Number of protein chains: 2
Amino acid sequence: MKVNSNFDSLVPNYLFADVARKTNEFAAAHPEQEIIKLGIGDVTLPLAPIVVAFMKKGCDDLRNKETFKGYPEYEGYDFVREAISGYYKRFGVTVQPDEIFVSDGAKSDCGNLPDIFSTDNTVLVTDPVYPVYVDANLMAGRKIVYASSNKENNFLAIPDEKVSADIIYLCSPNNPTGAAYSAEQLKVWVDYALKNDAVIIYDAAYEAFITDDSPRSIFSVEGARECAIELCSLSKTAGFTGTRCGYTVIPKELKRDGHSLHALWYRRQATKFNGVSWPVQCAAAAVFSDEGLLQIRDNLNYYRRNAKLISSALDELGIYYTGGKNSPYIWLECPNGMGSWEFFDHLLQNAAVVGTPGEGFGENGKGYFRLTSFGSYEKTAEAVERIKKLLS
Amino acid sequence: MKVNSNFDSLVPNYLFADVARKTNEFAAAHPEQEIIKLGIGDVTLPLAPIVVAFMKKGCDDLRNKETFKGYPEYEGYDFVREAISGYYKRFGVTVQPDEIFVSDGAKSDCGNLPDIFSTDNTVLVTDPVYPVYVDANLMAGRKIVYASSNKENNFLAIPDEKVSADIIYLCSPNNPTGAAYSAEQLKVWVDYALKNDAVIIYDAAYEAFITDDSPRSIFSVEGARECAIELCSLSKTAGFTGTRCGYTVIPKELKRDGHSLHALWYRRQATKFNGVSWPVQCAAAAVFSDEGLLQIRDNLNYYRRNAKLISSALDELGIYYTGGKNSPYIWLECPNGMGSWEFFDHLLQNAAVVGTPGEGFGENGKGYFRLTSFGSYEKTAEAVERIKKLLS
């Protein structure tokens with residue numbers, strides 16, 4: 001009996017544990033100070049009323065023999081897939097309902113999707129990176145190569161023609177940097193993928209935050225249907241982090257190595273997944289109704305207002321940053337050449353504000369720092385005042 | 001770019017599709033006949049009132065900022081794990097809350113658990129078998145060996161000392177045969193696993209149906225904590241097939257190849273899973289309350305009464321079968337030496353009753369047939385009368 005030795009190559013990630021420990025130590029030493037946490041990557045506003053109403057109706061369905069629901073379809077109920085297809089249509093993208101797989105979240109899908117690919121494939125990720133893309137593939141023994149996101153390219157990595165890769169993870173708007181690709185930039189990646197016979201796994205979890213003409217979906221880019229799988233999530237779109245629902249789109253025409261990737265993923269899900277809870281699917285469909293979209297907009301605008309507060313302050317201070325506009329994340333260059341953890345300590349000790357050191361997301365995060373807009377307006381405003389006072 | 005070529009070794013399983021097709025053809029040809037389906041492997045009775053009440057309370061929690069829940073713990077909320085630990089205690093088994101991982105279902109876990117083991121390991125399954133154990137491991141390229149369940153051992157396979165294996169799947173009470181191991185028989189498997197340095201993945205999804213002194217958990221057997229992982233599910237226990245919740249127990253002391261399997265699974269889940277929906281976890285905890293356990297007993301007894309109807313008829317007819325007592329499944333030898341599909345056609349054409357041909361579950365299912373007790377009492381009684389009339 002051997003365990004999977006690839007787990008030995010995983011680097012323990014103590015980022016959030018270290019943040020919590022330092023924060024708790026400061027709180028213990030300074031009980032009189034109110035600490036404001038702008039490091040949080042989780043939503044804080046409640047679900048929209050219509051979403052909860054439909055979720056509760058789903059619960060009631062399970063209470064009666066006539067409306068009871070047993071095993072769901074592995075790929076999600078048709079009415080949910082149709083609602084998601086309709087959502088895509090609103091921003092001009094055609095995705096057929098039967099190309100959509102409803103799941104318990106984009107994290108599960110971005111971790112499990114590599115199951116359908118050979119372990120000999122090389123995986124390209126951008127640096128800084130959402131750690132799941134790396135760890136899920138290291139677990140399977142795949143080789144990882146990095147594309148550099150940095151100040152020169154505004155933290156929007158571009159492909160290096162000299163590097164070949166088979167599986168490419170892109171996240172736009174990006175976690176952690178908040179930077180969003182333009183259609184032209186995404187087209188460069190699509191062309192690179194097509195040339196390399198590669199597949200892009202496109203994480204659109206933050207698409208609902210886009211306010212300019214950046215693509216909401218990679219499928220708005222020509223050629224993407226021949227090289228891309230798109231993941232999305234209701235976590236940030238509609239506050240579903242604790243409700244758990246996401247979706248993955250695999251175009252029917254997407255083939256590699258003589259196989260339909262849609263068919264492979266269906267087989268994977270049919271074998272190792274059993275569908276999403278009925279009340280959660282009812283709630284998900286409600287998100288994409290006319291009324292649902294109106295209601296979730298209020299929450300998105302609330303977070304956007306916070307992001308604007310933070311980014312305006314950084315503009316005033318003359319600090320370089322990405323994100324904030326199309327994203328709940330603001331990724332800033334630590335002032336005065338400070339390191340990530342150095343700036344973390346500086347901000348905590350002198351302003352009682354907590355953020356996330358960028359180096360937790362990769363080499364290129366060194367000297368950078370992530371703030372988020374998921375706090376309350378009042379606390380975010382107060383934190384911004386303290387930051388301005390400290391750094392002016 | 002290569003896809004995972006192991007998918008090519010998967011045999012398409014058309015069992016239920018073929019059953020549906022033949023049933024539909026019969027229905028079209030005989031619109032006057034009422035077809036009764038005893039092939040169904042899904043529950044039909046609604047959730048218990050207290051379960052729905054707590055699930056709806058969970059929905060309401062998500063409606064308010066003060067009670068809102070974001071990302072759950074990967075391993076489940078403590079109050080759910082404590083409720084499950086308390087459930088084990090009721091049948092005399094000690095499982096600590098922090099040994100329990102709450103998940104979206106036992107199927108996901110039995111498919112994903114192999115992630116923590118080397119692909120070089122040999123997997124032992126019994127034949128007939130729940131196909132997920134086989135397919136999930138074929139997908140990863142593992143070698144499969146079979147232990148024969150047959151009439152001679154009452155469809156309770158015993159280990160062959162000449163065969164070595166690293167990962168052993170056992171399901172008791174069994175799907176599809178309904179047969180349940182005694183404590184003595186399970187001890188033989190535990191001893192075999194310990195001798196082989198193997199790990200047993202014990203699927204206890206049907207444990208709530210046990211009425212005699214068969215073990216409800218493998219952890220009631222001495223030595224099991226050094227060699228076994230247990231999966232369980234609320235699907236059959238409490239009608240959660242459409243609600244989606246299960247749990248997996250990995251003892252803290254269980255080590256292989258120098259690694260804690262609990263730690264490896266935690267890392268796997270933290271990377272590729274993001275926890276179970278808040279309302280579903282509220283519902284799950286309610287199942288294991290005093291009132292919840294009383295309420296789910298009504299449904300279990302309803303299915304048991306159906307099982308008794310079927311097994312009593314087979315007793316009268318002198319037909320050999322397993323299950324029915326500790327299980328919602330009755331696994332019978334097709335009369336007069338008929339093959340599985342031959343008997344399927346015979347029953348459909350002459351009694352308008354639908355069951356499941358045993359050969360869909362493996363070689364040893366040839367000549368066998370599965371009936372289930374998940375239908376209504378009235379229809380089950382009518383089907384039993386037709387079967388008795390046909391086979392007397």
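In this text the structure is predicted, and so the values were computed from the model without any measurement. When reading the values below, keep in mind they use all heavy atoms of this one structure, side chains included, and skip hydrogens, waters and symmetry mates. Numbered from 1 within each chain, the chains take letters A, B, ... in sequence-line order.
Only the backbone of A:Ala270 comes within less than 4.5 Å of a heavy atom in chain B; its side chain stays farther off. Contact of B:Val199 with chain A is made through backbone and side chain together, with heavy-atom distances under 4.5 Å. If you measure heavy-atom distances from B:Asp120 to chain A, you find no contacts under 4.5 Å at all. If you measure heavy-atom distances from B:Phe68 to chain A, the contacts under 4.5 Å come from the side chain alone. Contact of A:Asp109 with chain B is not made at all, since no heavy-atom distance falls under 4.5 Å. Residue B:Thr243 touches chain A through both its backbone and its side chain, counting heavy-atom pairs closer than 4.5 Å. Both the backbone and the side chain of B:Asn274 come within contact range of chain A, with heavy atoms under 4.5 Å apart. In this structure, the portion of B:Met139 lying under 4.5 Å from any heavy atom of chain A is its side chain and not its backbone. If you measure heavy-atom distances from B:Phe7 to chain A, the contacts under 4.5 Å come from the side chain alone.
Judged as a side chain to side chain donor-acceptor pair (under 3.5 Å), and not counting sequence neighbours, B:Asn196 has no contacts. With sequence neighbours excluded, the residues satisfying side chain to side chain donor-acceptor pair (under 3.5 Å) with B:Ser233 are B:Ser235. For A:Tyr133, the ring pair (Phe, Tyr, Trp, His ring centres under 6.0 Å) partners are A:Tyr130, A:Tyr169, not counting sequence neighbours.
A donor-acceptor pair under 3.5 Å links the side-chain atoms of A:Gln281 to the main chain of A:Tyr77, judged by distance alone. Put simply, the side chain of A:Thr380 gets close to the backbone of A:Ser376: a donor and an acceptor are under 3.5 Å apart. At distances below 3.5 Å, at least one donor-acceptor pair connects side-chain atoms of B:Ser373 with backbone N or O atoms of B:Pro328. Judged by distance alone, with hydrogens and angles left aside, the side-chain atoms of A:Thr271 form a donor-acceptor pair with the main-chain N or O of A:Arg267 at under 3.5 Å.
No other option in B:Gly111, B:Ala140, B:Cys59 has as many heavy-atom pairs under 4.5 Å with chain A as B:Cys59. The most heavy-atom pairs under 4.5 Å with chain A, out of B:Lys69, B:Lys65, B:His259, B:Arg63, come from B:Arg63. Across B:Pro131, B:Ser5, B:Gly275, the residue that shares the most heavy-atom pairs under 4.5 angstrom with chain A is B:Gly275. Heavy-atom pairs under 4.5 Å with chain A peak, among B:Ile167, B:Asp115, B:Leu261, at B:Asp115.
At a heavy-atom separation below 4.5 angstrom, chain A is approached by B:Gly41, B:Asp42, B:Val43, B:Thr44, B:Leu45, B:Pro46, B:Leu47, B:Pro49 within residues 41-50 of chain B.
Remark: aromatic rings of B:Tyr74 and B:Phe273 are distant, center separation not under 6.0 Å. Checked against the 6.0 Å centroid threshold, B:Trp278 and B:Phe79 count as a close aromatic pair.
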